[in-house]
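A quick note: this is a predicted structure, and the numbers were derived from the prediction, not measured. Chain A is the first sequence line, chain B the second, and so forth, proteins listed ahead of strands; every chain is numbered from 1.
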Amino acid sequence: MGVNLSNLIHPIPIQLKDLRDKKAAIDAPNVLYQFLSIIRQRDGTLLKDSQGRITSHLAGLLYRTSHLVEHNIKPVYVYDGKPHPLKKQILEKRREVKEKATAEWQEALKIGDIEEARKKAQQTSRLTPDLIEESKHLLDTLGIPYVDSLSEGEAQASQMTQDGNVDITASQDFDSLLFGSPFLIRNLAITGKRKLPGKKKWVEIQPEKIILADVLKNHGIIHKQLVEIAILVGTDFNEGIKGIGPVNGLKLIKKYGSLDNIIATKKINQDNLENYEEVMKIFLEPKIIRDVSLRWRQIDKEATIRFLCDEHQFSLDRVKSALEKFEGFSHSLSQKKLLDF
DNA sequence: CTTATCCA
DNA sequence: TGGATAAGG
């Protein structure tokens with residue numbers, strides 16, 4: 001998922017309180033997908049209401065958002081638009097992986113291997129149009145804005161950060177750096193210990209900040225060259241060159257200056273590079289909306305409770321205590337209104 | 001994922 | 001009391 005640039009990036013650990021009063025453009029598919037992957041029972045079953053409808057995405061969104069507003073961070077969720085045709089290939093590949101994982105999940109359940117079952121179940125998550133609509137409805141009742149992008153949500157979020165509509169982009173992926181986001185926050189709101197995938201090791205996780213200008217300066221490259229490194233390594237829109245990871249990609253770009261020059265040397269396998277100019281365009285000239293207006297409204301507690309508790313059987317106590325975290329946030333909104341007036 | 005609870 | 005573990009829908 002997303003581009004692998006981790007070896008080139010040295011994030012700065014931060015705390016949630018460092019982001020107080022900041023506006024954050026959150027990659028909505030990225031968080032919703034995470035919720036669907038992780039908010040499950042021990043055997044991998046998703047949380048569901050009495051009618052069997054999935055609720056894991058709503059639980060995650062409620063608790064995550066309440067956590068953010070408790071720290072007076074202003075979230076805006078940015079959704080994907082139409083996928084670029086070059087993304088079809090990776091989407092198809094992911095679909096196949098999910099089909100395989102679904103079978104392996106059932107198999108693990110049959111032999112009673114609960115841990116394996118959960119692991120496989122996590123790989124089966126699908127973000128359907130229904131789940132997306134329900135998440136938007138919850139945001140509406142919470143008074144939290146969202147944006148429907150024309151293309152990639154990460155592209156839209158990055159532009160909003162560049163334009164100053166928001167202060168930071170939040171995602172687990174590095175793609176927003178390719179889209180030119182000056183500031184990226186990973187692990188927004190995530191704290192505590194996490195299990196390393198596939199291993200029995202636990203690591204401490206905390207929010208971290210990545211400054212695009214620093215990444216470029218550290219390696220002595222410009223933004224376009226970072227995109228070229230990503231294309232060598234492989235993105236959601238192209239496969240990348242076998243044997244080239246972020247470190248070798250950087251070396252090649254530093255040595256030859258550009259992807260064009262590397263290609264001219266004929267020293268690398270060029271089978272996967274036929275669309276590279278189009279991929280460059282996806283990152284450097286994405287389809288985005290320039291004049292977004294963001295409005296954080298007062299929470300509608302009654303509507304939230306109707307939706308989560310009455311329609312989807314959330315516990316009233318849990319929802320109420322999550323909604324209490326909106327108190328200070330709502331107050332600061334009405335204060336701001338008075339000041340504006 | 002976040003919150004609730006269990007137990008040293 | 002706080003770190004590990006279960007539950008949540």
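- Below 30°, between 30° and 60°, or above 60°: for A:Tyr79 and A:Tyr146 the angle between ring planes is above 60°, a perpendicular geometry.
- You won't find any donor-acceptor pair under 3.5 Å spanning the side chain of A:Gln41 and the base of C:dG8, going by distance alone.
- Checked options A:Lys98, A:Gln34, A:Arg40; the residue passing with A:Ser125 is A:Arg40 (criterion: side chain to side chain donor-acceptor pair (under 3.5 Å)).
- Contact between the side-chain N/O atoms of A:Arg318 and the OP1/OP2 oxygens of B:dA4 is not found at any separation under 4.0 Å.
- At whole-Å resolution of the value, CZ in A:Phe314 and P in C:dA7 are 18 Å apart.
- Closest to the side chain of A:Arg64, out of B:dT2, C:dG8, C:dA6, is B:dT2.
- Counting to the nearest Å, the C1' atom of C:dG9 and the CG atom of A:Leu36 are 13 Å from each other.
- One atom, CD1 of A:Ile38, and another, P of C:dG8, lie 19 Å apart when rounded to the nearest Å.
- Contacts of A:Gln313 with the nucleic acid, taken as non-hydrogen atoms under 4.0 Å apart, involve only primed sugar atoms and P, OP1 or OP2.
- A:Ala322 comes within 4.0 angstrom of nothing in the nucleic acid, heavy atoms only.
- Considering only side-chain N and O atoms, A:His312 lies nowhere under 4.0 angstrom from the phosphate OP1 or OP2 of C:dG9.
- Distance from the side chain of A:Ala189 is smallest to B:dT2 among C:dG9, C:dG8, B:dT2.
- When distances run from any side-chain atom of A:Lys48 to the nucleotides C:dG9, C:dG8, B:dT2, the shortest one goes to C:dG9.
- Nucleic acid contact class of A:Leu46 (heavy atoms, under 4.0 Å, all strands): base.
- No donor-acceptor distance shorter than 3.5 angstrom exists from the side chain of A:Ser56 to the backbone of A:Phe35, with no hydrogens or angles considered.
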Exercise. Yes or no on side chain to side chain donor-acceptor pair (under 3.5 Å) for A:His84 and A:Glu278, after CA distance, side-chain angles and deciding distance?
Worked result: CA-CA 10 Å; A:His84 190 282; A:Glu278 181 63 25; 3.0 Å; yes
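- Rounded to a whole Å, the CD atom of A:Glu115 is 11 Å from the P atom of C:dA6.
- Listed nucleotides: C:dA6, B:dT2, C:dG9. Nearest to the side chain of A:Thr55: C:dG9.
- When rounded to the nearest whole Å, the span between NE2 of A:His57 and P of B:dT2 equals 17 Å.
- Look at CG on A:Leu308: it is 13 Å from C1' on C:dG8, rounded to the nearest Å.
- Distance, A:Leu58 CG to C:dG9 C1': 10 Å, rounded to whole Å.
- When the P atom of C:dA6 is taken as reference, atom CD1 of A:Ile114 falls 12 Å away, rounded to whole Å.
- The side chain of A:Lys320 places no N or O atom within less than 4.0 Å of a non-bridging phosphate oxygen (OP1 or OP2) of B:dT3.
- A:Arg53 comes within 4.0 angstrom of nothing in the nucleic acid, heavy atoms only.
- Residue contacts shown for A:Ser66 are absent, as no nucleic acid heavy atom lies under 4.0 Å away.
- The salt bridge (Lys or Arg N to Asp or Glu O under 4.0 Å) test applied to A:Glu208 returns A:Arg186, not counting sequence neighbours.
- Of the N and O atoms on the side chains of A:Thr128 and A:Asp130, not one donor lies less than 3.5 Å from an acceptor on the other residue.
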